[in-house]
Undergrad: 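Would you mind keeping the following structure in view while I ask a few things?
Numbered from 1 within each chain, the chains take letters A, B, ... in sequence-line order.
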Amino acid sequence: MSSSTFCSMPFTVNGNLKLVQWGNVIYSSNKLAAYQPLKLAAARKLLDEIAKRTRGSVADLQITECADGGNFGNSNAIDDLFGESVMDCVCNHMDEQYIIDQLRYCSSEGILELGELYHALTIKTGIWFNKFVATALVNMYAKCGQIDNGKMIFDRMSCIDVASCNSMICGYVSNGMLSEAFAFFIEMCYLDIVPNHYTYSILLSACGASTAVKEGKQLHAQIVKLKFMALTAVVNSALTMYSKFGMIEEAENLFQGLAERNIISWTAFISGLYHQKAFNKALAQFCLMRKNNLEPNEYTFSVALSCAASVQYHDYGRALHAQVIKHGIISMVFVGTAIIDMYSKCAEPSGARKQLEEMGGMASCASWNAVIIGLVRNDEVAAALEVFHKMLNNDIACDEYTFSATLKACSLLPSLAICRQVHSRVVKGKFGTNLHVASSLIETYAQCGNSEDAEKAFYLTSTPDVVTFNAMIGAYSQYGYPTKAKFLFEKMVEKRILPTSFTFLAVISACSHCGSVQQGREFFESMTRNYGILPEEKHYSCMVDLLSRSGQLENALEFINKLPNEPSAAIWRPFLAGCRYHGTLEMAELAASKILEHEPGDASVYVTLSNMYVEAGKLSDALKQRALMKSKSMQKEPGCSWLEVNAKIHRFFSGDRRHIDTPKVYYKLENLMQKIQTDYYNLAKTSLLNPEVGQVTEEKCLFHSERLAVCFGLLNLPKGTTIRVFKNIRICLDCHTTMKHISKITNRDIIIRDNYRFHHFKQGCCSCGDFW
DNA sequence: CTAGGGTTAG
C-alpha cells in the first residue's frame, strides 16, 4: 500500500479536505467558520507545538483570531496547500507519538475537523504507515461518528492487531451498532486475533447498552476464566453492565469483590443503586466513598444530586451543591443540570432558576427543561410558560421534553389558546408524531375542553403506544364517550399493546358513566385475571362508583366490606354520592360518618347530608349539619387566600338560608368571579407566547379552582336561584370540585334547580360522579 | 484500544 491508496479516499489533500495555510497556520478551510473556541485552542496548540519543535525557526507564526471566518475568503492562500517551508518543518519535526497524542485529543473531544487535518498530515509525512498511527486514526474517526471512514483505514492497514480491532469494536459500540460490534468480535476470533481485556471491557459495556443479558453473562464467565477479574477496569465494565440490567445483587458482588475500587467503580455502583431507586443506600455508599478518601468527580456528584433530589433531601442537596462549587466543577453542564433538577424536585424552583441563570449560555436544553418541569411541579404554571418563552427567545432548541412539560403547564391552566400556540411550535419543530409529545397534546387538549383536537392528535400518531392509548381512552372516558373508550381499548388489545392500571381505571370509569355495570365488573376482573394487574385504591373507588351510581347500593356496600384494606374516604365518597343520587338517607349517614372519621374537615359531607335532610323534610337535622360544618370545617390549609374568601362568604350567608337576598348573592359572586377572571386574564396575557398572534380574547376567564367550588357549596343556594356561570366554568355543586375539563358551553346561565342537580348537562362530574 | 452521568407523557 502506498500513500496513493489514501489519496483515493474521500479525504485527500487536494480533495474534499482543503487544508490551507494562512499566516503559517493550517486550517481545514471548509470547517473554519464552524470553529468553536475549543477548536481554535486546539489549532493554537498545534501551532505552539510546531514553534517549539522548530525552535522558533518559523519566524512569523501567529494565529489570527478569526473564529467567525473573518476575511478568510480573501486570503490568497486558500488553495495554496502546505507552503514549502512549513511542510519542511512539519515533516522534520512531527513524530509519530506527537500525532498519536493529537489524534487521541481529537477523539476524546470529538473534533473531527482537526482530526481530518492530522489525517492529511500523516499522509503528507508518510507516517500513516505506522500501525499505531493508523490505529489512532481508526479510533479518531470512530469516536467522531465516522465509523465508515475508520473501517476504510482499518481495511487498508497492512498489519492489524488486537488494538486496531478493539478500536473498530469500540467504534461500532459508541455509534450504537451493537450487532456489528459482535459480528466484528467473532470475525477477529476467526482471524486468530486473541481478544484482550480491553476487548472484553468494550463488549461488556456493549451488552449493558443493549439488553444482551445472556451474552453479558457469557462474557462474564470468560473474563473469570481468562483471569481478568483482577483488572479494575474490566470488572467496572461488568459492574456497570449488571447495574444497567437491574441485576443489582450481581453488581454488588462484583463491587464488593474488587481489590481496588477507583472512582469509576464507586460511581458505577452508586448509579446502579440510583436506577434501582435505592436512593438512601446510594447516598450511604457515597458517604462511605468519601470516608475512604476518594474525591467525587462530576459524574459522582451528578448521581448523588439525583439521589438527593429523588428523596427530597433538600439540605443534603444544598450541601452537595456547595461541594460542587468547592471542587470547581460547577460550570460543567451535567452537574449544573443535576443541581437544577435537585432544586426542582425539592420544591425550590427559585433555586433552579438561579442555577440556570448562573449557567448562562452553557445551559443545555435539558437544563431548561428541568427548570420548566420544576416550575410545573410546584404549580408555578405561569412562570413555567415564561421560562419556555425565554427559551424560545434565546434560540435554545426545544426537544420532546420541553414540549411535554410546557403542554402540561397549559393543561394545568388550562388554556386552549396557549396550548394551540405551543402546538404550532410542536408542528414547526416536527415533534407532532413523537409519542411523548402526542400524548401530552391529547391530554392537554382534553383538559382544555377540546376533544376533537385531542382525537386529531391521537390519529396523527402512526404507532400509538400504551401511554398514547391511555391518554385518549382517558379523554373519552372523561368526556362521557364510553363506547369510544371501549372501542379504543379493544383496538389496543388487538395491537397487542398491554393495558396498564390506568387503562382499566379509564374504561371502568367509562362504564360507570354509561351504567354498564356488568361490563365494568368484567373489566375489573379481567384486570387481575388476564393481565396480572393488582387493583389499587383508585380502582376500588371506581368500582364503588360504578355500583353506587347505578343504584346497586347493597352490592356496593358488600364490595366495600370485602376490600382487603380498611376503606378510606376515597372509597366512601362515591358511595355517598350514590346514596345522594338515589336518596337512601340511612346509608348516606353511614358513609358520611366514615368519611368524617378519615377527613373531619370535609365540608362537602355536611353539605350533602344537609341537602338530603332538606329533601327528606328533616329541617332541624339539616340545620344541625350546617352548624357542625360551621364549627369544624374550612380551618385547614393556612395561608390560603381562597379560604379567607370562603370564610367571609360563609359568615355573610350563615343563618337562615331561606332569607337570602338573592340579588346580593348574585352581586357578591359576580364580584368574586370578576376578580378571578381578571387574575387569570392577566396570567394568560403575560404568558402569551406570540404576542403578535393577538390578544387573549376567546377564553379570558378560564380557570380551575376547587376552592371556588367550595364557595358555591358553602352558599348552598335555594331552588330557583340563578347564577351566571362564566364561560367554561363548571362546578359540581354536590362534591364541590371544578370540572377538570371545560365544557363548550359559553355565557350560559345555569339555573340551580331540583336540588342542585343539572340534568341538562350530559357529562358527569369527575369526582362525585353526578350527572349534571 | 477499556469502564461512570442529568430532564418526559396517563
Side-chain angles (χ1 to χ4, degrees), chain A residues 104 107 132 135-136 138-139 142-143 161-171 173 195-206 208 228 231-241 243-244 262-272 274-275 297-306 309 332-342 344-345 352 364-374 376 399-408 411 434-444 446 465-475 477-478 500-503 505-506:
Chain A
R104 193 175 290 158
S107 307
F132 296 103
T135 301
V138 171
N139 197 42
K143 285 279 166 63
D161 60 3
V162 62
S164 46
C165 288
N166 286 345
S167 285
M168 279 308 298
I169 297 177
C170 187
V173 174
N196 61 9
H197 61 281
Y198 284 98
T199 324
Y200 283 100
S201 243
I202 301 163
L203 286 174
L204 282 163
S205 98
F228 288 152
L231 301 168
T232 304
V234 180
V235 181
N236 283 350
S237 299
L239 164 59
T240 308
M241 178 190 75
S243 292
K244 286 190 177 159
N262 60 19
I263 185 67
I264 293 172
S265 326
W266 284 94
T267 311
F269 183 48
I270 294 172
S271 113
Y274 167 71
H275 286 292
N297 60 17
E298 67 269 29
Y299 293 91
T300 330
F301 274 124
S302 288
V303 69
L305 279 160
S306 301
M332 309 201 93
V333 187
F334 276 110
V335 188
T337 306
I339 289 170
I340 291 177
D341 182 46
M342 183 273 295
S344 289
K345 287 196 177 131
S364 70
C365 173
S367 320
W368 287 84
N369 292 348
V371 172
I372 296 176
I373 291 158
V376 171
D399 64 3
E400 63 264 43
Y401 290 85
T402 324
F403 289 121
S404 271
T406 309
L407 286 168
K408 179 83 186 168
S411 80
N434 175 285
L435 286 183
H436 289 144
V437 178
S439 303
S440 303
L441 275 173
I442 296 167
E443 159 77 5
T444 308
D465 73 345
V466 57
V467 181
T468 325
F469 266 107
N470 281 353
M472 199 60 232
I473 293 176
S477 170
Q478 196 181 329
T500 63
S501 111
F502 179 87
T503 325
L505 196 63

Undergrad: Have a look at A:Thr135 and say if it touches a base, only the backbone sugar-phosphate, or nothing, with a 4.0 Å heavy-atom cut-off.
TA: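 Answer is nothing: A:Thr135 stays at 4.0 Å or more from every strand.
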Undergrad: Mind calculating the distance between CG (A:Leu239) and P (B:dT2) to the nearest angstrom?
TA: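 Going from CG in A:Leu239 over to P in B:dT2 covers 19 Å.
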Undergrad: If you check every side-chain atom of A:Lys244, which of B:dA9, B:dG5, B:dG6 has the closest atom?
TA: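 Of all the options, the side chain of A:Lys244 is nearest to B:dG5.
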Undergrad: Does A:Lys345 have a side-chain nitrogen or oxygen under 4.0 Å from the phosphate oxygens OP1 or OP2 of B:dT7?
TA: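 So the side-chain polar atoms of A:Lys345 do come within 4.0 Å of the phosphate oxygens OP1 or OP2 of B:dT7, strictly under.
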Undergrad: Can you find a pair of side-chain heavy atoms, one from A:Thr232 and one from A:Ser265, that are under 4.5 Å apart?
TA: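 Side chain of A:Thr232 against side chain of A:Ser265, heavy atoms only: contact under 4.5 Å found.
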Undergrad: Quick check: does any side chain N or O of A:Ser411 sit under 3.5 Å from a backbone N or O of A:Thr444, one acting as donor and the other as acceptor?
TA: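 Side chain of A:Ser411 to backbone of A:Thr444: no pair is present.
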Undergrad: Regarding A:Tyr274, tell me which of base, sugar-phosphate or nothing describes its non-hydrogen contacts under 4.0 Å with the strands shown.
TA: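 Sugar-phosphate: the residue A:Tyr274, judged by heavy atoms under 4.0 Å, touches backbone atoms but no base.
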Undergrad: Base, sugar-phosphate, or nothing for A:Thr503, non-hydrogen atoms under 4.0 angstrom?
TA: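 Nothing, no nucleic acid heavy atom in range.
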Undergrad: Mind calculating the distance between CG (A:Leu204) and P (B:dC1) to the nearest angstrom?
TA: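 Taking atom P of B:dC1 as the reference, CG of A:Leu204 is at 19 Å.
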Undergrad: Less than 5.5 Å between centroids and less than 30° between ring planes, does A:Tyr198 satisfy that with B:dT2?
TA: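 It does not: the ring fails the test against the base of B:dT2.
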Undergrad: Under a 4.5 Å cut-off applied to non-hydrogen side-chain atoms, are A:Leu407 and A:Glu443 in contact?
TA: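 Heavy-atom side-chain distance check fails, nothing below 4.5 Å.
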Undergrad: In this structure, how many angstroms lie between the C1' atom of B:dG5 and the CD1 atom of A:Ile263, rounded?
TA: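 Rounded to whole Å, this separation is 12 Å.
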Undergrad: Is there a donor and acceptor pair closer than 3.5 Å between the side chain of A:Asn369 and the base of B:dG6?
TA: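 Under the 3.5 Å cut-off, the side chain and the base do not form any donor-acceptor pair.
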Undergrad: A:Val467 side chain: which of B:dA9, B:dG5, B:dC1 is closest?
TA: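 The answer is B:dA9.
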Undergrad: Does any pair with a residue in residues 333-342 of chain A pass salt bridge (Lys or Arg N to Asp or Glu O under 4.0 Å), and if so which ones, sequence neighbours excluded?
TA: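 Every salt bridge (Lys or Arg N to Asp or Glu O under 4.0 Å) pair that includes a residue of residues 333-342 of chain A, provided the two are not neighbours, is A:Asp341-A:Lys345.
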Undergrad: With sequence neighbours left out, write down each residue that passes side-chain contact (heavy atoms from CB on, under 4.5 Å) with A:Ile169, or none if nothing qualifies.
TA: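 Testing A:Ile169 for side-chain contact (heavy atoms from CB on, under 4.5 Å), a comparison that skips the adjacent residues, returns A:Val173, A:Ala181, A:Phe184, A:Phe185, A:Met188, A:Thr199, A:Ile202, A:Leu203.
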Undergrad: Output the rounded distance in Å from CZ (A:Arg104) to C1' (B:dT2).
TA: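 About 12 Å, once rounded to whole Å.
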Undergrad: Compare the aromatic ring of A:Tyr299 with the six-membered base ring of B:dG4 and state whether they stack according to the 5.5 Å and 30° rule.
TA: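 Stacking is present between B:dG4 and A:Tyr299, given that their ring centres fall under 5.5 Å apart and the planes under 30°.
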Undergrad: For the side chain of A:Glu298, starting at C-beta, report the closest nucleotide among B:dG6, B:dC1, B:dG5.
TA: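 When the side chain of A:Glu298 is considered, B:dG5 is the closest of B:dG6, B:dC1, B:dG5.
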Undergrad: In this structure, how many angstroms lie between the P atom of B:dA3 and the CE atom of A:Met241, rounded?
TA: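 Interatomic distance, CE of A:Met241 to P of B:dA3: 14 Å.
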Undergrad: Taking 4.0 Å as the cut-off, does a side-chain nitrogen or oxygen of A:Lys408 come that near to OP1 or OP2 on B:dT7?
TA: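 So the side-chain polar atoms of A:Lys408 never come under 4.0 Å of the phosphate oxygens OP1 or OP2 of B:dT7.
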Undergrad: For A:Ile264, which contact category applies under a 4.0 Å heavy-atom criterion: base, sugar-phosphate, or nothing?
TA: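 Contact class for A:Ile264: base.
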Undergrad: Would you say B:dG5 has OP1 or OP2 under 4.0 Å from some side-chain N or O of A:Ser271?
TA: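 Indeed, a polar side-chain atom of A:Ser271 lies that close.
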Undergrad: Could you verify whether a donor N or O on one side chain and an acceptor N or O on the other, from A:Thr500 and A:Thr503, lie under 3.5 Å apart?
TA: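 The answer is yes; a qualifying pair exists.
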Undergrad: Among B:dA9, B:dT7, B:dT2, which is the nearest nucleotide to the side chain of A:Cys170?
TA: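 In terms of side-chain proximity for A:Cys170, the closest of B:dA9, B:dT7, B:dT2 is B:dT2.
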Undergrad: Counting side-chain heavy atoms from CB outward, which of B:dT7, B:dG6, B:dG4 is closest to A:Thr267?
TA: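 Within the option list, the nearest is B:dG4.
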Undergrad: Say whether A:Thr300 and A:Thr267, considering side chains only, have a donor N or O and an acceptor N or O under 3.5 Å apart.
TA: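 A:Thr267 and A:Thr300 do have a side-chain donor-acceptor pair below 3.5 Å.
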Undergrad: Provide, to the nearest angstrom, the distance between the OH atom belonging to A:Tyr200 and the P atom belonging to B:dA3.
TA: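 Result: 17 Å.
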Undergrad: Answer yes or no: does a side-chain N or O of A:His275 lie under 4.0 Å from OP1 or OP2 of B:dG4?
TA: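 No, because none of the side-chain N or O atoms of A:His275 sits under 4.0 Å from OP1 or OP2 of B:dG4.
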Undergrad: Within the structure shown, what part of the strands sits under 4.0 Å from A:Asp399 by heavy-atom distance: base, sugar-phosphate, or nothing?
TA: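 No contact at all - A:Asp399 keeps every heavy atom at 4.0 Å or more from the nucleic acid.
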Undergrad: Whole Å only: how far is the CD1 atom of A:Ile372 from the C1' atom of B:dG6?
TA: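 Roughly 15 Å, once rounded to whole Å.
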Undergrad: Categorize A:Thr500 for me: base, sugar-phosphate, or nothing, with a 4.0 angstrom heavy-atom threshold over every strand shown.
TA: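 If one applies the 4.0 Å heavy-atom cut-off, A:Thr500 turns out to touch a base.
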Undergrad: What I want to check is whether an N or O donor and acceptor connect the side chain of A:Ser364 with the base of B:dG6 at under 3.5 Å.
TA: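 Looking at the base of B:dG6, it does pair with a donor or acceptor on the side chain of A:Ser364 (distance under 3.5 Å).
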Undergrad: Specify the separation, in whole Å, of atom CE of A:Met472 and atom P of B:dA9.
TA: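 Checked: the CE to P distance equals 19 Å.
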Undergrad: Which nucleotide in the set B:dA3, B:dG4, B:dT7 lies at the smallest distance from any side-chain heavy atom of A:Asn236?
TA: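 In terms of side-chain proximity for A:Asn236, the closest of B:dA3, B:dG4, B:dT7 is B:dA3.
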Undergrad: Under 4.0 Å, counting only non-hydrogen atoms across every strand here, what does A:Ala233 touch: a base, just sugar-phosphate, or nothing?
TA: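 Touches a base.
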